[in-house]
2 protein chains.
Amino acid sequence: MTAKKNVISIVIVEDFKLTRVGLRCALNANVDLEVVAESDNAVDGLKLIEKYKPDVVLMDLGLPTMNGIEAMTKIREFSKDIKIIALTSHDRQEEVVAALSSGANAYCLKDIDPEKLAEVIRDVSIGVCWLDPVIANLALNSIPKVDDAALVGVSSANHVKIPLTERENEVLKHLVEGKSNTEIAKELIVSVHTAKAHVCSILQKMCVNDRVQAAVKAVKEGMV
Amino acid sequence: MTAKKNVISIVIVEDFKLTRVGLRCALNANVDLEVVAESDNAVDGLKLIEKYKPDVVLMDLGLPTMNGIEAMTKIREFSKDIKIIALTSHDRQEEVVAALSSGANAYCLKDIDPEKLAEVIRDVSIGVCWLDPVIANLALNSIPKVDDAALVGVSSANHVKIPLTERENEVLKHLVEGKSNTEIAKELIVSVHTAKAHVCSILQKMCVNDRVQAAVKAVKEGMV
DNA sequence: AATTCTATTAGACAGAAGGGTAATATTCTC
DNA sequence: GAGAATATTACCCTTCTGTCTAATAGAATT
């Protein structure tokens, strides 16, 4: 896999030079880790990765031109063996699931302890999936959709899509955002009576008793 | 959470006595880990878990009467803080996804190195998600299907755990189920005024305007 | 011992929710 | 063209929400 045995080769893709230098120093302090190349952008990073075929890639998600998620997808196009660790700061957690589904093997926040990062790299290099606590909470919540079928053991027909009209879907969207009937009416430029009428039929079609249940159901079943 | 500080309390649920003893010995060799209880079946295991409220549960998935996945679901019904490590010798994908979506925080094969397991327990106790290589391969493959929908769902950025009191968490749980203040009051055997008071403070703590927003936020952030 | 946090209850009040019924206009299908 | 589904508006009425103020009591902390 790499030139030397028992040494994990690493490519870093990260736009902030300081962070990049910090990572390299911290990692090269470990005899079993070796940063073989680094880049401040995804385009060059991809070339380096193709060239060096490292064991592990540290990929920043907040890159300028091409974002980290696209880059990961491209890496996966030519190799499934290269392990990817997605790096991010706390305020960019929206892309968690996207990153994981694009092929990231691990997800770390940038404030991770350097020694811990080394440990994670070792784990990931042998195929472990490692998710930072903050991320794990979000990621694990995105899986439940399959559990109903999986628990039963039979891959039965999953959740039945509830047939709402276009207008009702609009209303439902606002409803999930916690808006009142009055607010919904204003948004859709209709009277409160209309908004209430739509909410009523939504409740009936979704077989729930009130808007809270409708909102929860909508979120859980990904209707919004 | 536990008696001593800095010590991670553990409950083991595993049907093979030999494995159980092995686990206990291996783990208790670490000063920061303490096996507080163990069981050879899920029913007793659940009781022990409710009693000791450990930081981490090691749950075998191939249990006789109640299987580990059901057991995990039940654990999740009364606590979201207890971390669960699923242990197994199997590597069937259906089981993996089911285990993860039932609330497992980590997934280890039984041939894991004891020292590594200790390390995983430390990680998991602070919220890390850790998946064995064999498992990770399967699990990550099951995510892509949901990424589009999930991306929209996971929109909230700053994910700080909102500190609700025990009672408030109970109320929130009922609230998410769409129950009215009156119904919540009946469930908790308190007056409607009390229920309303709790709901009020929940709304304030969660920084939302009404129960719908609270419910949606709770679901999206996995507070229930 | 004093203070803070939590749980509990109460009364009152404006506003919102949800159900029922009903009418009108538009659009799409048969 | 007739009929069905959808969108719109209106009124009435009961119940529920969310906020306020206020008080009591136990537990935990300092």
Side-chain angles (χ1 to χ4, degrees), chain A residues 160-220 223-224, chain B residues 1-6 9 51-53 55 78-81 160-219 223-224:
Chain A
V160 189
K161 193 180 178 186
I162 298 164
L164 295 184
T165 67
E166 266 187 54
R167 203 58 163 166
E168 285 163 355
N169 271 315
E170 288 183 76
V171 173
L172 180 61
K173 200 170 136 192
H174 292 297
L175 191 155
V176 170
E177 286 168 13
K179 289 178 181 156
S180 69
N181 291 334
T182 314
E183 289 171 317
I184 295 173
K186 278 182 188 164
E187 291 276 354
L188 303 185
I189 319 184
V190 294
S191 79
V192 189
H193 305 289
T194 309
K196 285 176 74 171
H198 286 311
V199 171
C200 258
S201 41
I202 289 173
L203 298 186
Q204 285 171 3
K205 287 186 182 176
M206 290 180 75
C207 300
V208 294
N209 299 315
D210 58 65
R211 54 174 56 216
V212 178
Q213 288 173 15
V216 170
K217 192 166 184 175
V219 171
K220 283 189 177 172
M223 296 173 65
V224 288
Chain B
M1 202 161 290
T2 67
K4 301 169 192 173
K5 282 178 186 172
N6 302 323
S9 59
K51 181 180 173 190
Y52 288 100
K53 299 197 194 312
D55 298 311
F78 70 84
S79 171
K80 289 195 45 59
D81 292 326
V160 190
K161 191 181 176 185
I162 298 162
L164 296 184
T165 67
E166 265 187 54
R167 204 56 165 166
E168 285 163 354
N169 270 314
E170 289 183 74
V171 173
L172 180 60
K173 200 170 139 191
H174 292 298
L175 191 156
V176 170
E177 286 169 11
K179 288 178 182 157
S180 70
N181 291 334
T182 314
E183 288 171 319
I184 296 173
K186 276 182 190 165
E187 292 275 354
L188 303 184
I189 320 185
V190 295
S191 79
V192 188
H193 299 100
T194 310
K196 285 174 77 171
H198 287 311
V199 170
C200 251
S201 42
I202 289 173
L203 298 185
Q204 285 170 5
K205 286 186 183 177
M206 292 180 74
C207 301
V208 295
N209 299 315
D210 58 65
R211 54 175 54 217
V212 178
Q213 288 173 16
V216 170
K217 191 167 184 174
V219 171
M223 297 172 64
V224 287

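Chain identifiers are assigned alphabetically (A, B, ...) following the order of the sequence lines, protein sequences preceding nucleic acid strands; residue numbering begins at 1 within each chain.
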message = side chain to side chain contact (heavy atoms under 4.5 Å, CB included), that's the test. Do His198(B) and Val190(B) meet it? Break it down for me.
response = CA-CA 11 Å; His198(B) 287 311; Val190(B) 295; 5.7 Å; no
Distance check needed: [N] [atom2] versus [X] [atom1], whole Å only.
| X | N | atom1 | atom2 | result |
| --- | --- | --- | --- | --- |
| Lys179(A) | dA17(C) | NZ | C1' | 18 Å |
| Glu168(A) | dA5(D) | CD | P | 13 Å |
| Glu166(B) | dA27(D) | CD | P | 14 Å |
| Ile202(B) | dT6(C) | CD1 | P | 13 Å |
| His198(A) | dA17(C) | NE2 | P | 15 Å |
| Glu170(A) | dT6(D) | CD | C1' | 13 Å |
| Leu175(A) | dA17(C) | CG | C1' | 11 Å |

Check for a donor-acceptor pair, side chain of [X] on one end and backbone N or O of [Y] on the other, with a separation under 3.5 Å.
| X | Y | answer |
| --- | --- | --- |
| Glu168(A) | Val199(A) | no |
| Arg211(A) | Lys179(A) | yes |
| Lys217(A) | Met206(A) | yes |
| Asp210(A) | Gln213(A) | yes |

message = Between Glu170(A) and Arg167(A), does any NZ, NE, NH1 or NH2 come within less than 4.0 Å of an OD or OE carboxylate oxygen?
response = yes
ask   = At what distance, to the nearest 0.5 angstrom, does NZ of Lys186(A) lie from OG1 of Thr182(A)?
value = 7.0 Å
inquiry  = If the cut-off is 4.0 Å, is Ser191(B) near the phosphate of dT9(C), judged by side-chain N/O to OP1 or OP2?
reply    = yes
request  = May I ask you to verify if any side-chain N or O of Thr165(A) is less than 4.0 angstrom from the OP1 or OP2 atom of dT6(D)?
outcome  = no
What's touching nucleotides 18-22 of chain D from the protein side, N or O pairs under 3.5 Å?
residue	atom	partner	partner atom	Å
dG18(D)	OP1	Arg211(B)	N	2.9
dG18(D)	OP2	Arg211(B)	NE	2.9
dG18(D)	OP2	Arg211(B)	NH2	3.4
dG18(D)	N7	Lys196(B)	NZ	3.3
dG18(D)	O6	Lys196(B)	NZ	2.7

Side chain of [X] only, please: which of [options] is the nearest?
| X | options | answer |
| --- | --- | --- |
| Arg167(A) | dT9(D), dA7(D), dT9(C) | dA7(D) |
| Ser180(B) | dC16(D), dT9(C), dA10(D) | dC16(D) |
| His193(A) | dA7(C), dT9(D), dG11(C) | dT9(D) |

